[in-house]
Structure formats: structure tokens, C-alpha cells
Engineer: 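Take this structure, written in C-alpha cells, and hold onto it; I'll ask about it next.
In what follows, every heavy atom counts, from backbone to side chain, and hydrogens, waters and symmetry copies are set aside. The sequence lines fix the lettering, A, B, ..., with proteins before strands; numbering per chain opens at 1.
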Amino acid sequence: MTQRPDSPLKKRFSFAGIALIILAGGGWFVTRLPSSPFDGAAPQATPDLIARGEYVARQADCVACHSLEDGAPFAGGLEMGTPLGSIFATNITPDPQTGIGTYTLADFDRALRHGVTPDRRRLYPAMPYPSYEKMSDDDISALYAFFMNDVTPVQQAAAQSDIPWPLNIRWPLALWNVVFTTGQTYQTDPDQSEQWNRGAYLVEGAGHCGSCHTPRGMAMNEQGLDSSDPDFLSGALLDGWFAPSLRGDGAAGIGRWSEDDLFAFLSQGRNDHAVVFGSMTEAFNNSLQFMTDDDLRAISVYLKSLPGQGPGWQAQPATVTSLVEAAQSGLPGAETYMANCAACHGRDGLGQNEWIPALAGATSSQGTEPASQINVTLNGSGRVVADGMPDSYRMPPYRDRLNDTQIAEVLQFVRSSWGNTGTPVDTDAVADLRMRTDPASVAPIVLQMR
Amino acid sequence: MDMIKGLIPGVDPQDFTHGAPVNLSRRSVLRGALGIGAGAMVLGFGLPSGTARAQAAATMAPGSNVPAFLEIRPDSTVRLLSPFVEGGQGIFTGMAQIIGEELDADPSSFIVENAPAGADYLVIGGQMRITGGSMSVRMSYPLMRKLGASARAMLITAAADQLQVPASELTTEPGVVIHAGSNRRIAYGDLATAAFDLPVPDPETVALRDPATFRWIRQPVKRLDVYDKSTGRAEYSIDVTVDGMLHGAVQHAPRLGLMVETIRNRDQVAALPGVHAVEILDGAVAVVAQRWWTAKRAVEALEVDWVEGTDLPKGWRALPADFSSDAFAQELAAATGPETEAEAHGDAPGVLDAAQTVISATYHSQYLHHAQLEPPSTLARFNPDGTLDLWLPNQAPEQYQAAVAGLTGLEPAQINIHSPILGGFFGRHFLYPAASAYPQAIELARRTGRPVKVIWTREQEFLRDPMRPMAAVRFRGTLDDNGMPLAIEAVSATEGPTEAVYGHGDSVDETAVEGLSKKAYAIPNLRIAQVYVENPVMLAYWRSVGNSMNDFFYESFLDELANAGGQDPLALRKHLLRDTPRLTKLLEAVVDLSGGWKRGPFTAEDGSMRARGIGMASPFGSEAAAIAEVSIENGQVRVHDIWEVLDPGAIVNPMLVRQQIRGAAALGLSQVLMEEARWDKGEPVARNYDMYSILPPDQMPEIHVGILESGAPIGGVGEPPLPAVPPAVANAVAALTGKPVRRMPLSRLRFDS
Amino acid sequence: MQLNINGQTHEVDADADTPLLWVLRDNLGMTGTKFGCGLAQCGACSVLVDGQVTRSCVTTVDMLEGTEITTIEAIEQDDVGARVVEKWVEHQVPQCGYCQSGQVMAATALLKEVAQPTEEDVRAAMINLCRCGTYNYIKAAIDDLSGRKGEPL
Ligand code: FES
Ligand code: FES
């Protein structure tokens with residue numbers, strides 16, 4: 001077996017397109033400071049506003065990138081590997097030297113919604129400002145109030161990105177923004193209910209669901225930033241995980257889920273169809289579950305309204321239901337499944353109620369992109385912590401017990417059993433992910449905001 | 001106390017003392033009268049005060065006080081309190097055979113339990129007792145025979161009294177005293193009460209059986225515990241319950257040396273249904289609850305901020321936050337420093353420095369978990385009279401008793417150590433700092449005022465299980481004109497488990513170098529030395545201790561020398577052992593067992609390319625030789641067969657010996673093939689069997705077993721079969737691939753099929 | 001909720017996602033079923049659910065209403081189970097014994113499914129871990145049960 005790289009949990013963004021953009025553009029435009037509605041405005045800091053800001057920080061999942069498990073809240077540090085090199089999340093505590101202590105409300109706004117720092121540097125769009133730009137002025141000032149008043153300043157300089165010159169020149173991102181952002185806050189759709197609009201605001205804006213779930217184009221731009229675009233939230237590969245379609249797609253999306261299912265998933269991390277896993281566990285543990293029932297309900301309503309395509313999953317009975325049958329069947333992966341997976345996920349792939357997810361009919365068992373299944377099999381999944389209680393059962397990593405071929409075969413078995421329609425899994429894809437990833441932590445991780 | 005006095009007239013509760021002369025016959029009659037079975041519930045009530053115990057100090061030599069060991073019940077079944085703990089090795093059966101042989105009682109009529117702590121049971125040299133070092137039988141054999149003989153003599157004396165005949169006219173058959181003259185027979189059960197109130201005869205005077213007349217010793221007597229163990233009846237520490245007991249679960253600090261700064265959500269967790277208490281302990285947090293599952297879930301819910309601790313409990317090693325076992329292996333390989341010589345003759349350094357050709361190689365071993373299947377647990381109960389009952393897995397009751405005395409301020413005599421059978425041990429349950437649940441259980445019982453049983457999850461166990469040490473051994477060797485080894489030098493950078501646990505001194509730690517030193521080969525110039533490198537992690541004994549890795553190093557390097565000199569490895573060994581008949585015979589025996597030596601590579605019937613390797617070891621007073629046959633399958637090593645012959649000098653039960661050979665071989669195989677406890681960023685990478693592989697059934701080859709009884713002094717059995725196996729496998733792989741294997745486990749290497 | 005264990009109905013008060021293992025051990029005092037890993041990795045906790053071998057440490061009790069659960073405590077009440085125990089004793093399989101409840105359950109499930117399992121069936125079905133290395137003995141006992149008696153070990 002090869003040695004695993006000793007790297008921390010990494011988020012990987014691929015910025016291949018940046019190189020193209022560097023070749024274009026120039027002039028004052030790329031170094032200008034965009035205007036902000038808060039230019040010259042005096043910040044507010046009432047307790048209510050600060051509390052609201054804290055809630056907005058949950059919606060925006062700021063901790064996910066700007067805090068490390070063993071670091072101070074919002075002091076930065078998360079390493080995001082890119083093909084060009086690593087970048088590191090910055091310190092966003094109100095420390096004047098190393099954080100955002102000297103930011104005015106307008107500076108804060110420009111960073112958040114336009115990706116521009118006070119010293120006119122452009123942020124990489126790993127910072128989801130194309131989504132955040134939809135946030136309302138009120139939410140921005142609340143968020144500012146929270147960060148400035150309730151976050152403890154920590155002196156901790158951000159690690160330097162190791163992206164080499166000239167690829168580390170950031171001004172071309174200004175041009176990127178012209179092409180790939182709308183420059184507008186969320187616009188209410190008068191034809192939809194207030195609840196729907198609230199859901200849309202959260203999903204498209206602060207929640208930045210598209211960052212993971214919307215496919216990206218050549219320049220790493222999300223191919224669709226709102227419900228009008230059929231690519232929006234239609235599923236995407238990022239960071240070794242395939243974030244599935246959140247649209248009403250039959251087998252590959254959430255077409256089978258009811259609004260209640262969706263609500264349960266968002267609020268408890270689990271329902272009868274699925275349990276959060278992979279990167280979604282982090283989003284759930286740190287942020288999603290802390291949102292109000294009203295907001296989660298609004299999100300459910302909104303997501304259920306997104307049309308989908310393709311037929312739904314048609315259940316098929318299991319053809320192999322025991323170790324002996326599996327061995328006798330000669331079906332690749334069947335025996336591995338019965339020996340390693342069936343104890344929890346069931347001999348019939350149906351899982352155990354909402355506690356252990358079904359693999360039969362699971363969105364990850366369909367479609368052409370098996371990365372999530374490979375990843376979760378190799379590395380297990382982080383603990384799901386709902387209402388302060390870690391899950392009763394964790395998915396263990398199998399990278400030690402199963403080799404690449406066994407993993408490819410067992411997933412092949414899963415993806416072709418019980419009516420699943422996933423494409424086969426390539427052994428090389430397993431080998432590749434094995435190299436690039438690390439096992440999930442056994443300990444429950446909930447990042448702290450204070 | 002009064003309750004008992006009232007219940008059984010004439011029984012003085014002082015008889016309930018442990019660690020002092022105890023008339024078990026009466027004590028157990030009492031149990032029978034109360035209708036209480038053996039086990040957890042009965043001990044610990046009505047215990048006398050410390051003063052009373054002190055007056056009843058042991059006066060007899062350890063191992064001779066018959067009633068402390070034996071009770072014969074009215075139905076003539078024999079209850080034996082074994083000084084050695086049963087943990088799979090079959091020692092209960094072995095003890096029943098040895099004692100039964102002299103007592104003249106069929107081993108199958110024995111009921112065996114672990115003895116409590118107490119001076120009577122210090123049967124190893126009259127000083128101590130542990131269950132380990134493969135010592136049980138070899139250290140106690142004469143003593144236990146005398147014990148059985150003494151008991152028989154007491155039964156005969158009692159019978160003589162009852163029958164009014166001279167003792168010399170009495171004989172015994174299993175379980176019965178016979179007066180041939182009058183054709184009268186008295187069952188042991190009818191004599192026991194009287195017999196065990198008699199003074200114990202001087203063990204030196206009792207007559208022992210002529211070994212030629214042995215009926216049970218050396219026979220494959222069936223184990224006494226297999227039925228209970230096949231039906232779920234056997235009770236381990238983790239199973240013990242007492243009235244009013246609560247359950248405890250812990251969350252250990254991610255690194256040893258961290259202490260609790262705060263628990264952020266203590267109140268919320270304390271308010272969960274079923275939760276009794278949330279407690280802060282040394283380097284851990286705990287939840288005590290009505291049920292263990294509740295406690296386990298709740299303790300995982302605790303959000304704890306940890307800080308570097310000051311004033312750590314004695315023996316704890318604060319682990320650096322950046323500790324990595326891979327980096328440490330490199331450090332060991334490069335370690336320089338004073339070299340303490342373990343063995344030297346001739347002039348190895350001189351010969352090597354002058355040699356034209358020197359073969360040198362650095363070998364590595366890995367950290368290992370014990371990975372015994374039963375997770376650690378402890379049940380602690382404070383009694384109204386101030387005594388403390390503890391049920392815990394342990395290989396050394398007195399050591400635990402003393403440690404608990406130090407911890408609690410109680411007198412040792414106030415601490416009742418109950419030692420249920422072990423769900424595997426392999427060295428895990430000696431007394432190691434920070435590695436046991438007992439301080440936690442005691443503290444939780446004290447704070448809650450209730451009996452508390454703490455069970456560690458596998459994840460918590462793998463965070464605190466102390467490691468089998470790592471070593472990096474730098475070898476140099478050179479050959480004479482005939483291609484035979486002329487000089488070997490081995491310098492091991494390591495820390496032995498003994499010095500890790502009890503402190504590093506000036507002299508070499510035997511447990512660090514055993515298996516490198518004291519090899520029987522006739523090497524003209526030899527030097528074995530240790531460079532002491534303290535480990536950041538906690539260390540422990542692991543089955544066969546230093547031999548578990550050192551024989552791998554030495555025997556594999558010996559094959560490298562054989563290759564360099566164009567010698568066949570078997571021929572080379574035979575040559576080096578030409579003056580050691582016992583080992584020459586052993587080598588021949590293992591070769592015969594394997595159907596004749598063929599090293600290979602050769603094509604097997606199934607078409608696979610295979611090769612064989614050989615390894616030898618001399619651990620714990622026994623001699624072992626193993627041959628392994630391997631092939632490469634999907635880039636990994638597959639072991640098809642192992643042939644192993646053990647010569648422990650003499651044996652008590654061939655069936656048990658065969659079991660131990662197979663079990664030890666499996667563990668050795670597990671080590672060389674797949675086991676490794678890696679540490680990264682100050683934490684163990686594996687927290688369960690998911691990431692710490694142990695040998696699964698489909699990788700188990702058939703182990704073909706041979707036993708030689710050379711008549712040498714009786715040696716160990718439980719550990720000695722292990723160390724020969726890893727080098728046998730490694731040498732077979734080297735023979736197959738043409739490349740030496742210099743590190744374990746093989747799973748970290750890739751082989752081309 | 002109600003669970004049918006070893007032919008008896010037990011009223012059980014436990015959260016829906018509690019593993020059967022701990023209901024057996026703590027709520028019902030049936031400690032013959034062992035806790036080894038709690039992660040479906042070792043098999044020490046194996047029981048039969050409707051005759052099929054099931055790892056009780058990862059089986060939620062809410063899945064079990066209406067099923068028939070058999071634990072090691074009642075294994076000899078089952079004809080096949082009784083034969084397995086008999087052979088386990090005859091072949092002297094257990095060492096420390098901790099894994100053996102699970103091994104006996106797995107063997108019983110196998111023989112209930114296939115009366116005369118082939119060596120290949122045995123290899124596929126007997127996957128529980130044993131740290132004491134009793135695998136050769138387990139195989140010998142099951143071979144015997146399958147009518148392939150070899151040399152006793
Ligand atoms: S305890 Fe259930 S499989 Fe290990
Ligand atoms: S007999 Fe000890 S673990 Fe199997």
C-alpha cells in the first residue's frame with residue numbers, strides 16, 4: 001500500500017480557468033474599489049443586531065472555512081489545495097493587524113459581496129462572494145456588527161498562499177467578476193410566495209448552496225446562480241465529493257423526497273432516504289442545524305420547487321442476501337458487500353430507518369459520478385452532530401481493509417443492485433482518491449463561533 | 001458482619017479475608033448454604049476491618065496453604081483458586097491437571113476460578129505472581145504438584161482419623177480414599193471439612209508421584225472452560241454486575257498529557273435523560289448513567305476544551321502535539337548515543353572494520369496494539385465498612401492492589417481484587433500508567449456513592465493502549481572464506497518495555513534486546529548493543545515481548561548473510577548450530593514436518609510461484625523453529641502454510657500446547673503481515689479495527705504443529721511460538737522476490753506479482 | 001417496544017436507535033453477546049435475527065419489532081445450534097472465548113442456510129475476527145459439521 005500524504009483536511013478548488021483570465025484585461029478597472037451602499041455610513045451595534053448577525057454567520061457558514069477545529073474561532077487557517085498551489089482562509093476576527101479590525105462597514109461589504117479587500121486586492125472566488133452578493137444590506141450590517149463586537153480578536157497572520165507568480169496575480173479576477181457575477185442583491189420574485197422567496201434568498205445567497213451543488217465552468221464559475229437556470233444546483237464534483245442535484249431529478253436528485261423529508265434532512269441531518277455525509281456533514285454540524293425551523297422550511301419549499309428530469313428510482317428486489325449466496329453468485333463485489341457493508345446498510349441495501357442510510361435508491365448510487373461513494377468508502381464520514389448529540393453510528397473508513405479493486409467492485413455491486421443505475425467504478429479513480437484524501441475524524445467536530 | 005454471624009452460626013467473618021489464610025472450605029460451604037454461586041455477587045460483604053486482617057497475616061510459604069487454593073465440595077468436585085489468570089492460554093486446565101495428578105482427582109472434576117490478591121498466591125519464587133512471561137507452568141510446576149500432594153495427604157489423615165486406621169494403610173483413587181483391608185471407601189467430599197481444618201504438612205515432606213505413573217499430566221486433557229465459552233456463559237470483567245450499579249463511559253483527551261480546561265456544555269449533557277453525573281477526571285471526562293449506551297452517547301456529546309496539563313500523574317508521558325510514528329522511525333534509524341552492550345564476544349567491531357566486504361542493513365519494527373477483543377473495563381464498589389471491591393481484567397492482582405492502595409489511601413487488605421477471566425490479554429493487562437479504567441471507576445464510584453462500571457469503547461482503548469515498542473536495528477556482518485558469518489554486529493535503537501514502565505537504568509534492558517542477544521548460533525565475533533531512545537508514547541509488553549521483533553530482525557539478517565555467502569539458509573543454520581544438538585534436532589523436526597526443505601521459488605499445484613523461509617527463536621526458556629510458504633497475490637503476501645515445532649523441554653498438555661502454537665503463530669503472522677499502530681499529529685491514526693487490521697480468518701494459513709520434549713528444563717508455551725513466524729514469512733518473501741524484507745508490516749510494501 | 005428474544009417477549013424501554021447489543025446486555029442482563037468494536041468490524045456481537053447472522057452492535061432496536069431474535073444464551077435450544085456447540089467442545093475451539101459467542105452464532109446461521117457447506121461457503125461465511133487465532137479450530141469444527149472430518153487438531 002502506498003503511504004498517505006500527511007496533509008490536513010483539505011478543500012480543493014480547481015482554478016484552472018484563472019490562468020486564461022490572466023491573459024486578458026488591464027487598466028484602472030481591475031484595481032478600482034467598487035462602491036458600497038455603506039460608504040460613509042456609521043455602523044450600528046445593538047444587541048439585537050449583533051444577535052441577528054450571529055445568525056447570519058450561521059446561514060453563511062463562515063466558520064466552515066475561517067475556523068480550524070483546534071484554533072480560535074474565525075482566526076482562519078483552513079488550507080484549500082488548488083492545482084496551482086494552496087490558499088489559506090484568512091483571519092476574520094476583528095484583530096487590527098491580522099484580522100479585519102480596521103475594516104469599515106463598507107470595506108466589509110466590499111469584501112463580502114464583491115471580493116475586494118480595502119487594499120484593493122481581489123479575493124479568490126473560493127470565497128463565495130458571487131452568492132453573498134445577494135445578501136441584503138441589513139444582513140450585511142448585522143453580520144458586521146457580530147464580527148466587530150462579538151468575535152474575539154485573535155492575532156494570527158494568515159499563511160501565505162504558495163501559488164507562484166504570475167498565477168498569483170489577482171487583479172484579473174475583477175474581469176472574472178464582470179463576467180460571472182450579477183452585482184445585485186437578491187430580487188424578490190413577486191409570483192412566488194414569501195416563504196419561497198425567503199428560501200431562495202437563503203439558498204442562492206448566504207447559504208451559497210451552489211458553491212458545492214452547481215457545476216462549474218471552465219473558469220470555475222458556477223453555471224447558474226439562481227432558480228431560473230436549469231444548471232443551478234444540478235449536482236457537481238468538488239473536493240473529492242459529488243454534491244448531488246438538489247433539484248427534482250428522479251433518481252439523481254431529490255424528486256422522491258417530500259418537503260417534510262427535506263425539512264427533516266436539513267434540521268436533523270437525516271431522513272428515511274439519506275444521512276448527511278462528506279462535506280455536507282460539516283455544513284450541517286456547523287451551520288445548517290442552527291437555522292430556524294421557519295428558514296429550513298422555506299428552504300425546503302424553495303428546493304422542492306426546482307424542476308428536475310429523468311425517471312425516478314425503481315426498486316428491485318435483492319438477488320443476493322447472504323454471504324454464502326454472495327460467494328456462490330460470483331458477482332464482483334457481492335461478497336465484499338455482504339462482509340463489510342450489509343451489517344449496517346442491510347442485506348437488501350435498504351439501511352435502517354433514518355439511522356443508517358439506504359444505498360438502494362440513494363442519489364449517490366445513481367449517475368455517472370461515483371466520487372462520493374468512493375470517498376466515503378475509503379475514508380468514512382465525519383460524525384453527524386444534531387442538537388448537540390453525535391450520531392449513534394459512524395461510517396468507518398475502509399481504506400485499510402479493502403484495496404482499490406475491492407472498493408471499485410463493491411461500489412459496482414451497490415450501483416447496479418436493487419434498481420440502482422449508477423455507472424461502474426474505475427479502480428484508478430479509487431486509487432486517485434486514495435492518494436488525495438484522508439480518513440474522517442472519529443471525534444465529533446462542531447466548530448465553535450465563540 | 002452481624003448479618004453473616006447471625007446467618008451461619010459459628011462462622012467468623014474473619015474467614016472472609018483475602019490475602020491471608022482463608023479457610024476456603026468453610027467459606028464456600030457458607031456460599032453453598034446461602035445459595036450463592038461463585039462469581040461477582042458474593043464477595044465483599046461483611047468484610048472485617050483492616051486491623052482484624054492485619055492480625056491474620058500469612059504465615060505459610062506462598063503456594064503451600066492448601067485451603068487458600070482448594071475447596072472440595074460435598075459432591076467431591078474440586079474448586080481451585082488459580083494463582084494464574086485464565087485469558088485463553090488454558091492455564092485453569094493446566095493447573096487442574098498438575099494439582100489433580102497429585103491430589104488424585106480427575107481434572108474434569110475441577111472448577112477453577114482466579115484467586116484473589118494475597119500473599120498465599122505469590123507462587124513465583126515465593127515473591128510475586130503475574131500471569132505473563134509464559135511463566136505460569138514453568139515457575140509453579142513443582143509447587144503446584146506439592147500443593148496437590150499436600151491436600152491428598154490431608155485427606156488421608158482425615159480419613160485415617162475417621163476410619164481409625166493408620167494412614168499408611170490408606171490409598172486413593174480419583175476422588176476417593178480407600179482402605180483396602182476393610183474395603184471401605186470415603187469420597188473426598190465427605191472428608192474435606194475435616195481435612196482442610198488440619199495443619200498443612202510441610203511441602204518438603206510430601207511424597208510426589210512417579211512421573212511414569214502420570215495419568216493426566218502430558219495428556220491432551222480437555223479444557224474445562226470450552227463449554228462455558230461456547231455458550232456465552234463465561235463471565236468476563238465487562239459482564240460483571242452488582243446491585244445498584246451505574247455505568248460509566250469516558251472520553252479521553254486526544255493526547256496523553258492534556259487535561260480538561262472546560263466542558264462547554266456540561267449542564268446540557270448532565271440534564272439528558274438517564275444521565276446521572278458528568279465528571280472531570282485526569283485527562284478524561286466521564287458520564288455516569290443508568291445504562292452504558294446512554295453514558296457513551298452522552299460522553300461523546302461533551303464539548304471539551306483541553307489544555308496541556310501540569311503535574312501529570314506518575315508515569316504519564318505527555319505526548320508532543322506533532323508526534324508522528326513515521327518520523328520517529330527515521331529518528332531511531334539515525335539515533336546515535338551511548339551504546340550499551342548486551343552481548344559481545346570475539347571482536348566484532350574490529351573484524352568488521354577490517355573486513356573487505358561488509359553487509360549492512362537497517363531493520364524496522366512498528367508500534368503494535370494488543371487489540372485483545374475484550375475492551376477494558378472496571379467495576380468499583382465501596383462497601384459500608386470502607387473496603388473497596390474491584391473487578392477488572394488484570395495479569396497481576398497484587399500489583400493492582402498496591403497501586404489502588406497508593407491511589408486511595410486504603411490498606412491493601414481493604415482492597416479486594418477480583419480477576420475475572422480475560423477476553424484476551426497478550427500483555428495488555430499489566431499495570432501501566434494511564435492505561436486502565438480502574439482509577440476512573442474508583443473515582444466515579446467515590447463521587448457518586450454508587451458502584452460504577454466503566455467500559456472503554458474500542459476507540460477510547462486505542463487512544464490509551466500502550467504500544468509494543470518500535471526499534472530500528474543497524475546490522476553489520478561479514479563472512480569468512482567459506483561464506484559463513486564471521487562477525488555480526490547489531491545495534492538497536494529502542495526502548496524496552498521494562499525500562500519504559502519501571503525506569504531506565506544503566507544496564508541494558510533485557511526486554512529490549514532479547515532475541516537479538518542470546519541466539520545460539522556459533523558466530524565467532526558478535527556484538528549486540530542498545531542505544532536507548534525514550535519513546536514519546538507509552539509502552540507495554542506484547543506477546544513474546546522483545547522477541548516479537550528482535551527475532552525478525554536477526555533471523556532475516558541471517559538470511560541476508562546466507563545469500564551474500566551463497567549459502568542455503570537452512571544449511572547455514574545447521575552449520576551455526578552444529579554444536580547444539582537440541583536445536584539441530586529441532587531444525588530437523590520442522591523440516592521433516594514440512595515434508596523436506598525446499599526453499600524455492602517453485603511453482604505450486606495451483607500455478608502460483610511460491611517460496612519458503614525459515615525462522616528460529618529461543619524465547620522464554622523454549623525453542624521454536626518455523627517454516628512458512630508464501631506467494632504474492634495482488635501485490636500482497638499470502639501465507640499458505642506454516643510448519644512450526646516447539647520444544648518447551650517438557651509439557652503438561654499437548655492439546656493446549658498445540659493451541660498456543662497456532663494462536664501465537666497467528667499473532668506473529670498478523671504482526672508481520674498487517675499490523676501497525678501509526679501515530680500522526682500526536683494521535684493514533686486507527687481508533688478501531690477499521691484502521692487497525694488484525695489477521696482475519698481468510699488470511700489464516702494452516703498451522704502444522706510439532707512438539708518436541710527434549711527433557712530440558714520446562715520452558716514457556718504461550719509466547720515462544722510467536723517470534724519464529726515473522727522471520728520465516730519475511731525470509732520466504734525474500735526468497736520469492738529476491739529482495740530482503742527489512743520492515744514490518746508487509747502490507748506497507750508493494751510486491752509485483 | 002416489544003422484542004421477541006429466544007422465544008420470549010420482552011418489553012424494552014430504549015431509544016429507537018439503541019443498538020440491540022446494549023439492550024441485550026444492559027436492559028435484559030444477557031451478557032453472553034459480546035462487545036468488541038461497536039463498529040461492525042469484529043463480529044463478537046453476532047446474534048440471529050430470523051435465523052440470519054446479524055451484528056447486534058449496529059442493529060437498531062426499532063428495526064426488530066416482529067422479528068425473532070436468538071442469542072447465544074438459547075443457542076442449544078436450536079437443533080443446529082446445539083450441534084455446533086457440541087462440535088465446538090469436541091474440537092476445543094475457544095481460547096479466551098471472547099469471540100466465540102459470535103463465532104457460534106455465525107456457524108449456526110451458516111448451517112441453517114446450507115446444511116452441508118462447502119469449504120468455499122465456510123470461507124465466505126465465517127468472517128468474525130478472533131484475536132487468539134482459533135481459526136484453524138473453527139474450520140475443523142465446521143468441516144466436521146459439514147461431514148468433512150479430518151484429523152483432529
Ligand atoms: S462488536 Fe459488533 S461487530 Fe464488533
Ligand atoms: S478465542 Fe479469544 S478472541 Fe477468539
Engineer: Relative to chain B, which of G29(C), G32(C), G133(C), G36(C) shows the most heavy atom pairs under 4.5 Å?
Structural biologist: G36(C)
Engineer: Go through V226(B), L695(B), I703(B), I694(B) and name the one with the most non-hydrogen pairs under 4.5 angstrom from chain C.
Structural biologist: V226(B)
Engineer: Below 4.5 Å, heavy atoms only, C-beta onward: do L48(C) and T54(C) meet side chain to side chain?
Structural biologist: no
Engineer: Working to the nearest 0.5 Å, report the span between CZ of F35(C) and SG of C57(C).
Structural biologist: 8.0 Å
Engineer: What part of F425(B) gets closer than 4.5 Å to chain C, counting heavy atoms only: side chain, backbone, both or neither?
Structural biologist: neither
Engineer: Is any side-chain heavy atom of L224(B) less than 4.5 Å from a side-chain heavy atom of V112(B)?
Structural biologist: yes
Engineer: Tell me, for L21(C) versus chain B, whether the close heavy atoms (under 4.5 Å) come from the side chain, the backbone, both or neither.
Structural biologist: neither
Engineer: Which donor-acceptor pairs sit under 3.5 Å apart between chain C and chain B?
Structural biologist:
from	atom 1	to	atom 2	distance (Å)
D17(C)	OD2	R297(B)	NH1	3.4
R25(C)	NH1	D239(B)	OD1	3.0
R25(C)	NH2	I238(B)	O	3.0
R25(C)	NH2	D239(B)	OD1	2.8
D26(C)	OD2	W292(B)	N	2.8
N27(C)	OD1	R291(B)	NE	3.3
K34(C)	NZ	D239(B)	OD1	3.2
K34(C)	NZ	D239(B)	OD2	2.5
G36(C)	O	R458(B)	NE	3.0
G36(C)	O	R458(B)	NH2	3.0
C37(C)	O	N688(B)	ND2	3.0
E76(C)	OE1	Y227(B)	OH	2.4
E76(C)	OE2	Y227(B)	OH	3.2
E90(C)	O	K222(B)	NZ	3.0
Q92(C)	O	Q659(B)	NE2	2.6
Q92(C)	OE1	R223(B)	N	2.6
Q95(C)	O	R223(B)	NH2	3.2
Q95(C)	O	K229(B)	NZ	2.7
Q95(C)	NE2	Q659(B)	O	3.0
C96(C)	O	K229(B)	NZ	3.4
C96(C)	O	Y236(B)	OH	2.6
G97(C)	O	Y236(B)	OH	3.4
Y98(C)	N	Y236(B)	OH	3.3
R131(C)	NE	H370(B)	O	2.9
R131(C)	NH1	E675(B)	OE2	2.5
R131(C)	NH2	H369(B)	O	3.2
R131(C)	NH2	H370(B)	O	3.0
R131(C)	NH2	E675(B)	OE1	3.0
R131(C)	NH2	E675(B)	OE2	3.2
Y135(C)	OH	L695(B)	O	2.6
N136(C)	OD1	I703(B)	N	3.0
N136(C)	ND2	P701(B)	O	3.1
Y137(C)	OH	Q659(B)	N	3.3
Y137(C)	OH	R662(B)	NH1	2.8

Engineer: Which region of L422(B), side chain (C-beta onward) or backbone (N, CA, C, O), has a non-hydrogen atom less than 4.5 Å from a non-hydrogen atom of chain C, or is it both or neither?
Structural biologist: backbone
Engineer: Looking at chain B, which one of L153(C), V84(C), V85(C) has the largest number of heavy-atom pairs inside 4.5 Å, strictly under?
Structural biologist: L153(C)
Engineer: Checking heavy atoms, do the side chain of C42(C), its backbone, both or neither come under 4.5 Å from chain B?
Structural biologist: side chain
Engineer: Could you tell me if the side chain of V717(B) sits less than 4.5 Å from the side chain of L656(B), heavy atoms only?
Structural biologist: no
Engineer: Determine whether C96(C) and L373(B) make a side-chain contact, defined as any pair of heavy atoms from C-beta on separated by less than 4.5 Å.
Structural biologist: no
Engineer: Who among I138(C), L39(C), I75(C) has the most heavy-atom pairs with chain B under 4.5 Å?
Structural biologist: L39(C)
Engineer: According to salt bridge (Lys or Arg N to Asp or Glu O under 4.0 Å), does anything in residues 35-45 of chain C pair up with another residue at least two apart or in another chain? List the pairs.
Structural biologist: none
Engineer: Please flag which part of V104(C) lies under 4.5 Å from any non-hydrogen atom of chain B: side chain, backbone, both or neither.
Structural biologist: side chain
Engineer: Yes or no on side-chain contact (heavy atoms from CB on, under 4.5 Å) for V639(B) and L673(B), after CA distance, side-chain angles and deciding distance?
Structural biologist: CA-CA 9 Å; V639(B) 180; L673(B) 289 183; 4.2 Å; yes
Engineer: Below 4.5 Å from any heavy atom of chain C, which atoms of L669(B) appear? Answer side chain, backbone, both or neither.
Structural biologist: neither
Engineer: Looking at chain B, which one of I72(C), V93(C), I127(C) has the largest number of heavy-atom pairs inside 4.5 Å, strictly under?
Structural biologist: I72(C)
Engineer: Do you know which two heavy atoms are closest between A109(C) and G51(C), and how far apart they sit?
Structural biologist: CB-O, 3.8 Å
Engineer: How long is the span from the CD atom in E11(C) to the CG atom in L28(C), to the nearest 0.5 Å?
Structural biologist: 10.5 Å
Engineer: Taking every non-hydrogen pair under 4.5 Å, which of G423(B), P697(B), G232(B) racks up the most with chain C?
Structural biologist: P697(B)
Engineer: With a 4.5 Å heavy-atom cut-off, do L110(C) and V122(C) have their side chains touching?
Structural biologist: yes
Engineer: Kindly determine whether L722(B) and V725(B) satisfy side-chain contact (heavy atoms from CB on, under 4.5 Å), including the steps that lead there.
Structural biologist: CA-CA 6 Å; L722(B) 193 152; V725(B) 170; over 6 Å; no
Engineer: Using side-chain contact (heavy atoms from CB on, under 4.5 Å), reason through L20(C) and L3(C) one step at a time and then give a plain yes or no.
Structural biologist: CA-CA 10 Å; L20(C) 172 63; L3(C) 295 182; 4.2 Å; yes
Engineer: So what's closer than 4.5 Å to chain C heavy atoms on P701(B): side chain, backbone, both or neither?
Structural biologist: backbone
Engineer: Between V49(C) and T67(C), is any pair of side-chain heavy atoms under 4.5 Å apart?
Structural biologist: yes
Engineer: Is it the side chain or the backbone of A371(B) that comes within 4.5 Å of chain C heavy atoms, both, or neither?
Structural biologist: both
